[in-house]
Trainee: 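Mind having a look at this structure? Questions to follow.
So that the names make sense, note that chain A is the first sequence line, chain B the second, and so on, each numbered from 1. Remember, predicted model here, so these are calculated numbers, not experimental data.
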2 protein chains.
Amino acid sequence: MSLRHAVLGLLVEKPASGYDLMKLFNTSLANVWPATQSQVYGELARLADAGLVDVAAEGPRGRKEYTLTEEGLAELRGWLMDAQPEVHRSAALLRVFFLGVLTPEQAVEHLTQLAEQAAADLARLRELQKSLDWDNKGMLTTNGRLALEFGLRLHEMREQWARWATQQITADGEDLGS
Amino acid sequence: MSLRHAVLGLLVEKPASGYDLMKLFNTSLANVWPATQSQVYGELARLADAGLVDVAAEGPRGRKEYTLTEEGLAELRGWLMDAQPEVHRSAALLRVFFLGVLTPEQAVEHLTQLAEQAAADLARLRELQKSLDWDNKGMLTTNGRLALEFGLRLHEMREQWARWATQQITADGEDLGS
DNA sequence: GCGGACATGTAAGAAGTTACATGATTAG
DNA sequence: CTAATCATGTAACTTCTTACATGTCCGC
């Protein structure tokens with residue numbers, strides 16, 4: 001139930017509308033916890049029902065500005081310290097498992113694509129890092145920088161691994177070609 | 001829709017019942033694409049409806065042994081070469097984003113836990129690697145080894161990153177203590 | 001006045017989790 | 001005979017995605 005906590009977390013810094021939050025989900029949190037508009041509005045309604053946020057002000061065009069309540073902050077703090085291990089699914093790794101169904105050439109091509117995709121992701125994050133370095137405001141970018149570094153290391157690792165895996169496969173087939 | 005492809009992939013090696021598949025999901029695929037019993041049985045029924053698998057034989061206790069059809073193999077091959085980038089959500093990284101809500105001490109404690117968790121995961125996979133090294137059978141372990149190496153590198157990276165992040169936080173607060 | 005941004009919501013469906021429910025076979 | 005394993009299924013609920021639907025305000 002982390003969408004809930006993402007919303008609460010974003011509201012710590014300052015009050016925001018669903019619309020405002022969506023911009024944050026599409027920028028700051030895009031690589032960490034993406035969410036759709038329909039999810040965010042729904043969750044805000046549920047959070048207000050539960051008393052974890054309040055509608056502090058109403059603006060033009062039906063704008064509702066939400067603030068965190070005491071209970072909301074408590075809920076967030078509880079979640080932050082809870083830290084139970086996650087289950088992750090990876091379609092990319094699942095594909096690797098079944099690579100034997102393809103020809104070695106196809107498998108190598110696929111792994112090459114993975115390496116290139118990782119390299120592209122890495123480049124993208126490096127760009128993001130550059131744009132973040134100068135205008136530094138608030139908790140979100142401070143800790144966001146830690147998350148960003150994780151992403152940089154992750155994609156670097158992905159690329160290295162994909163290149164290594166390619167070698168593994170080509171090495172396996174080597175003696176057949178002699 | 002990768003559960004479908006996980007099931008198809010497992011059936012490439014040999015025919016299996018839902019019960020058999022569950023054992024594979026709980027061992028080989030546990031770290032890559034976990035699935036529950038109710039999901040697997042449901043998916044098998046849908047796959048049979050769609051003609052991607054057949055009930056090749058029925059055994060004792062209502063056992064249904066499924067095999068892959070031509071269409072099923074084609075579907076799997078198509079998926080294997082499709083390779084579109086995934087969206088990943090990470091509650092762990094989300095927590096990092098909001099670490100500013102905690103005291104520096106609590107934040108450091110949390111990151112230390114992350115490092116320890118990563119170290120434990122790494123140790124667990126190294127054990128798995130040992131047990132896999134001797135009895136080598138089939139495509140699943142051959143390519144599973146590639147996936148395993150990914151896991152090893154991932155957890156190593158996670159641990160290093162968590163230690164680095166701890167330093168970042170303690171460095172920030174340093175001048176306050178003097 | 002009109003286009004783009006602001007702003008909120010609903011509905012249908014896919015995917016996943018947890019819990020319940022039932023029964024047959026086999027090894028000791 | 002009885003406990004463990006084999007074996008399949010259903011139901012309720014949560015989460016996420018995609019698409020639809022509607023309307024207002026502000027700057028030019």
Trainee: Please state how far atom OH in B:Y19 lies from atom P in C:dA24, giving the value in whole angstrom units.
Mentor: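 Taking atom P of C:dA24 as the reference, OH of B:Y19 is at 16 Å.
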Trainee: Find the distance between OG (B:S90) and CD (A:E86) and round it off to the nearest 0.5 Å.
Mentor: 4.5 Å
Trainee: Just how far, in rounded Å, is C1' of D:dT8 from CZ of B:F25?
Mentor: 16 Å
Trainee: Side chain of A:D20 only, please: which of D:dT15, C:dT25, C:dA7 is the nearest?
Mentor: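 Between D:dT15, C:dT25, C:dA7, the one nearest the side chain of A:D20 would be C:dA7.
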Trainee: What is the nucleic acid contact for A:R4, judged by heavy atoms within less than 4.0 Å: base, sugar-phosphate only, or nothing?
Mentor: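 Nothing, no nucleic acid heavy atom in range.
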Trainee: Considering only C:dA7, D:dT8, D:dT18, which nucleotide approaches the side chain of B:R63 most closely?
Mentor: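 Among the listed nucleotides, the one closest to the side chain of B:R63 is D:dT8.
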Trainee: Using OP1 and OP2 only, check whether a side-chain N or O of A:Q39 sits under 4.0 Å from D:dT17.
Mentor: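 Yes.
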Trainee: Do A:L10 and B:F97 have side chains that get closer than 4.5 Å, going by heavy atoms?
Mentor: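 Heavy-atom side-chain distance check fails, nothing below 4.5 Å.
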Trainee: I want to confirm an ordering. Mapping A:W33 and B:K64 to their closest nucleotides on DNA chain D, which one lands closer to the 5' end?
Mentor: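 It is B:K64, whose closest nucleotide lies nearer the 5' terminus.
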Trainee: Which atom pairs, one a donor and one an acceptor, fall under 3.5 Å between side chains of residues 117-128 of chain A and the rest of the protein, sequence neighbours left out?
Mentor:
unit_1	atom_1	unit_2	atom_2	d
A:D121	OD2	A:R158	NH2	2.3
A:R124	NH1	A:N31	OD1	3.1
A:E127	OE2	A:K130	NZ	3.4

Trainee: Between C:dA7, C:dA21, C:dT18, which nucleotide has the shortest distance from any of its atoms to the side chain of B:Q37?
Mentor: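 Comparing C:dA7, C:dA21, C:dT18 against the side chain of B:Q37, the answer is C:dA21.
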Trainee: Is A:L146 close to B:W164 at the side-chain level, that is, under 4.5 Å between some pair of heavy atoms?
Mentor: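 Yes, their side chains come closer than 4.5 Å.
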Trainee: Calculate the interatomic distance between B:E58 atom CD and D:dT8 atom C1'; express it in whole Å.
Mentor: 12 Å
Trainee: I need the CE-P distance between A:M22 and D:dT18, as an integer number of Å.
Mentor: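 Going from CE in A:M22 over to P in D:dT18 covers 12 Å.
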Trainee: Is the shortest side-chain heavy-atom distance between B:Q106 and A:M81 below 4.5 Å?
Mentor: yes
Trainee: Between atom OH in A:Y41 and atom P in D:dA19, what is the gap in whole Å?
Mentor: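 It is 19 Å, rounded to the nearest whole Å.
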Trainee: What distance separates A:L47 CG from A:R4 CZ, expressed to the nearest 0.5 Å?
Mentor: 4.5 Å
Trainee: As an exercise, state the distance from OH of B:Y19 to CD of B:Q37, rounded to the nearest 0.5 Å.
Mentor: 10.0 Å
Trainee: Show each protein N/O and nucleotides 11-13 of chain D N/O combination with a separation under 3.5 Å, one pair to a line.
Mentor:
none

Trainee: Would you mind reading off the distance between A:L3 atom CG and D:dT14 atom C1', rounded to a whole angstrom?
Mentor: 12 Å
Trainee: Please report, rounded to the nearest Å, how far the C1' atom of C:dC6 is from the CG atom of A:N26.
Mentor: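 Interatomic distance, CG of A:N26 to C1' of C:dC6: 14 Å.
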Trainee: Tell me whether B:Y41 shares a hydrophobic cluster with B:Y66, the cluster being built from Ile, Leu, Val, Met, Phe, Trp, Tyr side chains joined at under 4.5 Å.
Mentor: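 As far as the 4.5 Å side-chain criterion goes, B:Y66 and B:Y41 are not connected within one cluster.
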Trainee: Specify the residues of residues 44-57 of chain A, ordered by number, for which at least one heavy atom lies under 4.0 angstrom from an atom of DNA chain C.
Mentor: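 Within residues 44-57 of chain A, no residue comes under 4.0 Å of DNA chain C.
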Trainee: Choose from D:dC25, D:dT5, C:dT8 the nucleotide whose nearest atom is closest to any side-chain atom of A:R61.
Mentor: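 So the nucleotide nearest the side chain must be D:dC25.
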Trainee: Roughly how far, to the nearest 0.5 Å, is CG of B:D82 from NE2 of A:H110?
Mentor: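 A:H110 NE2 to B:D82 CG: 10.0 Å, rounded to 0.5 Å.
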Trainee: State, with a plain yes or no, whether a side-chain heavy atom of B:H88 is found less than 4.5 Å away from one of B:L93.
Mentor: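 No, their side chains stay 4.5 Å or more apart.
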Trainee: Separation of B:E43 atom CD from D:dT10 atom P, in whole Å?
Mentor: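 From B:E43 CD to D:dT10 P: 14 Å.
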Trainee: Both B:G42 and A:P34 contact DNA chain D. Which one's nearest nucleotide lies toward the 5' end?
Mentor: B:G42
